[in-house]
Protein chains: 2
Amino acid sequence: MTKAAAPAGPHSAIELLRSQSLTSLVQQELERRILAGGILPGDKLVEQDVATELNVSRGPVRETFRALEQAGLVVTEKNRGVFVRKISLQEADEIYEVRAGLDELIGRLAAERATPADLAELRTLVAEMRVAGKAKDVNAYYPLNIRFHDRLAQIAGNGTLLAAYRRLINELHLYRRQTLERGADSFHTSTRQHADIVDAVASRDGVRAGECLYQHAVKSRSRLHEALERDETLPPPALVRETTP
Amino acid sequence: MTKAAAPAGPHSAIELLRSQSLTSLVQQELERRILAGGILPGDKLVEQDVATELNVSRGPVRETFRALEQAGLVVTEKNRGVFVRKISLQEADEIYEVRAGLDELIGRLAAERATPADLAELRTLVAEMRVAGKAKDVNAYYPLNIRFHDRLAQIAGNGTLLAAYRRLINELHLYRRQTLERGADSFHTSTRQHADIVDAVASRDGVRAGECLYQHAVKSRSRLHEALERDETLPPPALVRETTP
DNA sequence: GCTTTGTAGATTGTCAACAATCTGCAACAT
DNA sequence: ATGTTGCAGATTGTTGACAATCTACAAAGC
């Protein structure tokens, strides 16, 4: 034999460029920016601009656009361009509905398959969320919430399920970006629900875990609706309040 | 105003080419061929060949490949080419598991939202399946089965759910192609289950409809496993006998 | 004043050419 | 015989150029 498999360590550049094409790199970068909020729903993506900024030609960028379109992150209008997808209230509603269904399944499976280490990790996350909740720190709470549910989806041990779940989460993320991140989720009930979920999983009660998660997702949707209705009665939300005082 | 909107009737070519790009056309065509079995799992797709056959250049073909990859129908190996995705038994198992979860949700929603016309249509489909089942006509039964479940997913009235469901069905379709279409589903129980589903939906019993569908999906998976195990006891399916006698 | 028409610039859709990589086979050495 | 080395052809990855379409703005007509 020739040599041990390169341990992707020091000369990572050569390994990276050997396995990843420009298209996939561009895709990762654009995905990151869209989900991080650097680009907002409705924004137009201009091929040449993206290409110039990332130092590639338009080809890989166009390929990326087709992938992102299939992933549901952008929409293409022929001869007009591609735009970051805007998610309507109805669509968000639909997504929440499906998410509830998947979460129920996740709960059932996770209860069967969670290891003690998994449970400990979940408990740690819940504890961290409790702290962030008490401090009313949205910026800390939101990512923890995401991580908790994603971890649970991983624990369910079904890659197809995980992929489907993540796609929905991405789309909901898009929706949040669009509605100005006004998710002042009522921390208290939310954290308690998370604790209940972990307990159900720990006691191997798949049905109850599934029910908890289903209800949890449904409640999220309700909170969304309440927040929306509250806003509709208010004047259009002051868009940017970045005035340095 | 100038003119009434063109009623996509006579000069459909101009309307088609105005809204659809070559990429989307190529994508539709390739998707059709893959799902129809013209191209089989594991087959390699050569850019130039596809381009030549469809009279386009490699650009649109490459874009199509990225879309199909994201759709889970092909996999790309850098500098080696794209191949129609092969679905392992484990993956098929995962997909069945998720499908069961989605089907349960479909049942619940369909029970809430089905119109009398919907119910009549479902009953017609079940009747046709019964006929095909009695005649042991797989080629008639299989598409009817697909149509039944797809219709039900439509009736659930959730576009996101429908899209996720169809994606799974496509992947399972791929798996069937690969396992030589040996699905001699036991028609009798299958048809009875379908009738039960429609009854539950008709009586607006969402929970029961969901349970029926969940069980139905689980049974499908069991049948798959039985069929597979039956085969594994047989000699390896004489793939290629590389010794020239 | 308002709508329509025409033109210039920008942007997308498509194509063909070039560079990098892989595959298969033959020649060679052990 | 077995395994290695080195081409030659084929295939993919990427780029730049050209044609078709759209957008914006100014000029002309009512």
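Note on naming: letters A, B, ... go to the chains in the order of the sequence lines (proteins, then strands), and numbering restarts at 1 for each one.
Salt bridge B:D118/B:R151: present, at least one basic N to carboxylate O contact under 4.0 Å.
Listed by chain and residue number, nothing satisfies the side chain to side chain donor-acceptor pair (under 3.5 Å) test with B:D137 (two or more places apart in sequence, or in another chain). B:R167 pairs by the side chain to side chain donor-acceptor pair (under 3.5 Å) definition with B:E171, not counting sequence neighbours. For A:S57, there are no side chain to side chain donor-acceptor pair (under 3.5 Å) partners two or more places apart in sequence or in a different chain. Partners of A:Q70 under the side chain to side chain donor-acceptor pair (under 3.5 Å) rule, at least two apart in sequence or in another chain, are B:Q27. Applying the salt bridge (Lys or Arg N to Asp or Glu O under 4.0 Å) test to A:R99 and every residue at least two apart in sequence or in another chain returns A:D103.
In this structure, A:N79 atom CG and D:dA24 atom C1' are separated by 17 Å, rounded to whole Å. Here C:dA17 presents its P atom at 18 Å from CZ of A:R58, a figure rounded to the nearest Å. For the pair A:E69 CD and C:dG13 P, the interatomic distance rounds to 10 Å; values are reported in whole Å. The CG atom of A:L22 sits 10 Å away from the P atom of D:dG13 (whole-angstrom rounding). Look at CZ on A:F83: it is 13 Å from P on D:dC22, rounded to the nearest Å. Between the CD atom of A:E63 and the P atom of D:dT15 there is a distance of 11 Å, given to the nearest Å.
Residue B:G59 is out of contact with every strand shown, counting any heavy-atom pair closer than 4.0 Å.
Interface residues of residues 46-57 of chain B facing DNA chain C, ordered by number: B:V56, B:S57; criterion, heavy-atom separation under 4.0 Å.
Side-chain nitrogen and oxygen atoms of A:R80 include none within less than 4.0 Å of the OP1 or OP2 phosphate oxygen of C:dT11. Listed pair B:R62 / D:dG13 meets the phosphate criterion, a side-chain N or O lying under 4.0 Å from OP1 or OP2.
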